[in-house]
Each structure stands twice: as C-alpha cells, then as structure tokens.
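Note that the structure is a prediction, hence the values are computed from the model and not measured.
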Amino acid sequence: GKRSISPTPTPGTQTDGSDAAAAEENTEPSASVSAPVGDDAVRAAAASIRIAPVSGTAIMDYSVDQLAYNPTTRDWRTHDGVDLTAAVGEQVKAACAGTVSAVYDDELLGTTVVIAHADGYATHYANLAAAPTVHAGDTVAAGDVIGAVGETALLESGEEPHLHFAVYAAGAPVDPA
C-alpha cells in the first residue's frame with residue numbers, strides 16, 4: 001500500500017498544517033513491483049495501437065446521418081469516411097494492426113486497401129496510388145506503410161489530393177474520429 005511521508009519540523013519552528021497537506025502528495029511507490037511483461041501481453045498491447053494513416057487534416061468529415069455536399073458531383077450524399085489531405089505520393093500507414101482482407105480498384109473511390117482487425121473492425125483506405133505495397137493476406141502492424149496517396153477516386157476528384165479513410169464495425173460505417 002501507499003504510506004505518506006510526514007515532514008519532520010525543524011527544531012524551533014511551528015507548522016500550520018500546510019506542510020502536512022503538501023506531504024500527503026509525496027508517496028512511496030507501492031511495495032508490489034510488476035513482473036516483467038510477457039510477449040503475449042506486448043503483442044496484445046501493440047495490436048491496440050492506433051495512429052493517423054496520413055499527416056493531413058480533414059477536408060470532408062464523416063457524415064452518414066445527414067447529406068454532405070460533394071464538390072465533384074455537385075450534389076448531396078452521405079460520406080462513410082473522412083477525407084484527409086495529403087500530397088500525392090505521401091505514404092499511407094495502417095492505422096492499427098490487422099490482416100489485409102482486400103486490395104481492389106473501386107469504380108468510385110479508386111484503389112482501395114481493406115484491413116480486418118481482431119476487434120471486429122475494418123479500416124478502408126481509398127484513393128491510393130494504383131499499386132499498394134500490400135496484398136490480401138498480409139499481416140500489418142500499426143504504422144506499416146500500405147501504399148501511397150494517389151488520384152484514383154473518380155467520385156472525389158474535385159477535391160485536393162487526399163486519403164479517403166473509413167472505419168467499419170460489423171459491416172456498418174462508424175465515425176473514424
């Protein structure tokens with residue numbers, strides 16, 4: 001358990017209790033020391049790491065409950081992900097660990113990589129350059145490069161260069177924020 005360290009007053013001085021309150025914040029470490037973390041625990045912790053797939057900011061937010069204006073098609077529609085600004089050729093990184101479940105060319109969103117995660121989620125990375133660096137079946141860690149930003153998304157070609165990033169849970173889109 002924790003125990004407080006009480007200050008010893010200097011001989012001839014009076015304390016008003018404020019020193020005791022300050023001393024309450026100083027505690028010794030718990031007597032129990034954690035055992036070294038095993039490989040399984042490290043792997044489990046690493047699998048839960050989440051990072052931004054590119055360095056840019058959102059230019060189009062997630063919007064499935066209300067329509068958002070699409071500057072390319074000049075109409076209103078839902079948007080199942082978030083568009084993150086990025087230079088053409090910028091590396092795209094896996095947001096968290098998983099297994100690449102698909103790599104394909106989507107008619108509207110362009111070259112797409114889908115990564116399945118152990119927690120039942122899947123992340124989708126679209127508008128990639130034509131040749132991603134991963135293939136279906138590859139295992140990736142958070143931060144592994146999976147491709148580069150391209151200009152393959154016909155549906156979003158009216159926007160500045162970006163990554164279309166979407167997250168799905170049990171097949172339904174969820175807000176990646």
Worksheet entry | Linked hydrophobic residues, Leu155 as query - side chain contacts closer than 4.5 Å |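 Traced through the cluster, Leu155 reaches Leu108, Leu109.
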
Worksheet entry | Remaining members of hydrophobic cluster (4.5 Å side-chain criterion), Tyr104 | Val114

Item to complete: Assess whether side-chain hydrogen bond (donor to acceptor under 3.5 Å, both in side chains) is satisfied between Ser63 and Asp61, documenting all intermediate values.
Response: CA-CA 6 Å; Ser63 180; Asp61 291 327; over 6 Å; no

When rounded to the nearest 0.5 angstrom, what is the spacing between [atom1] in [X] and [atom2] in [Y]?
X      : Y      : atom1 : atom2 : value
Thr111 : Glu151 : OG1   : CD    : 12.0 Å
Ser55  : Lys93  : OG    : NZ    : 8.0 Å
Leu154 : Asp105 : CG    : CG    : 12.5 Å

Closest approach of [X] to [Y] (non-hydrogen atoms, all atoms of both residues):
X      : Y      : answer
Cys96  : Arg50  : CB-CG, 3.8 Å
Ala126 : Thr112 : CB-OG1, 3.6 Å
Ala95  : Ala142 : O-CB, 4.0 Å
Glu156 : Thr72  : C-OG1, 3.4 Å
His162 : Val149 : O-CG1, 3.5 Å
Leu84  : Phe165 : CD1-CB, 4.3 Å

Shared ILVMFWY cluster between [X] and [Y], side chains joined below 4.5 angstrom?
X      : Y      : result
Val82  : Val167 : yes
Tyr125 : Ile59  : no
Val54  : Val140 : yes
Tyr69  : Leu67  : yes

Fill in: Thr85 side chain vs Thr57 backbone, donor-acceptor pair below 3.5 Å
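Side chain of Thr85 to backbone of Thr57, a donor-acceptor pair under 3.5 Å: yes, one is there.
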
Discussion item. Parallel, tilted or perpendicular, judged at 30° and 60°: which one describes the rings of His79 and His164?
Written reply: perpendicular

Discussion item. Taking the side chain as everything from C-beta on, heavy atoms only, tell me whether Met60 gets closer than 4.5 Å to Pro71.
Written reply: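 Sidechains of Pro71 and Met60: in contact.
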
Worksheet item: Asn127 versus Leu163: any side-chain heavy-atom pair under 4.5 Å?
Response: no

Item to complete: Using a cut-off of 6.0 Å, state whether more than 12 heavy atoms not belonging to Glu159 lie near its atom CD.
Response: yes

Fill in: Atom CG of Asp65 with >12 non-hydrogen neighbours under 6.0 angstrom
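Not buried by this count: 12 neighbours or fewer within 6.0 Å.
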
Discussion item. Between Tyr121 and Tyr168 (judged by ring centroids, cut-off 6.0 Å), do the two rings come close enough to count as a pair?
Written reply: no

Worksheet item: Can you name the one residue among Thr99, Ile146, Val134 that meets side chain to side chain contact (heavy atoms under 4.5 Å, CB included) with Ile115?
Response: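 Only match with Ile115 under side chain to side chain contact (heavy atoms under 4.5 Å, CB included): Ile146.
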
Worksheet item: Of all residues at least two apart in sequence or in a different chain, which pass the side chain to side chain donor-acceptor pair (under 3.5 Å) check with Thr78?
Response: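 Here no residue qualifies.
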
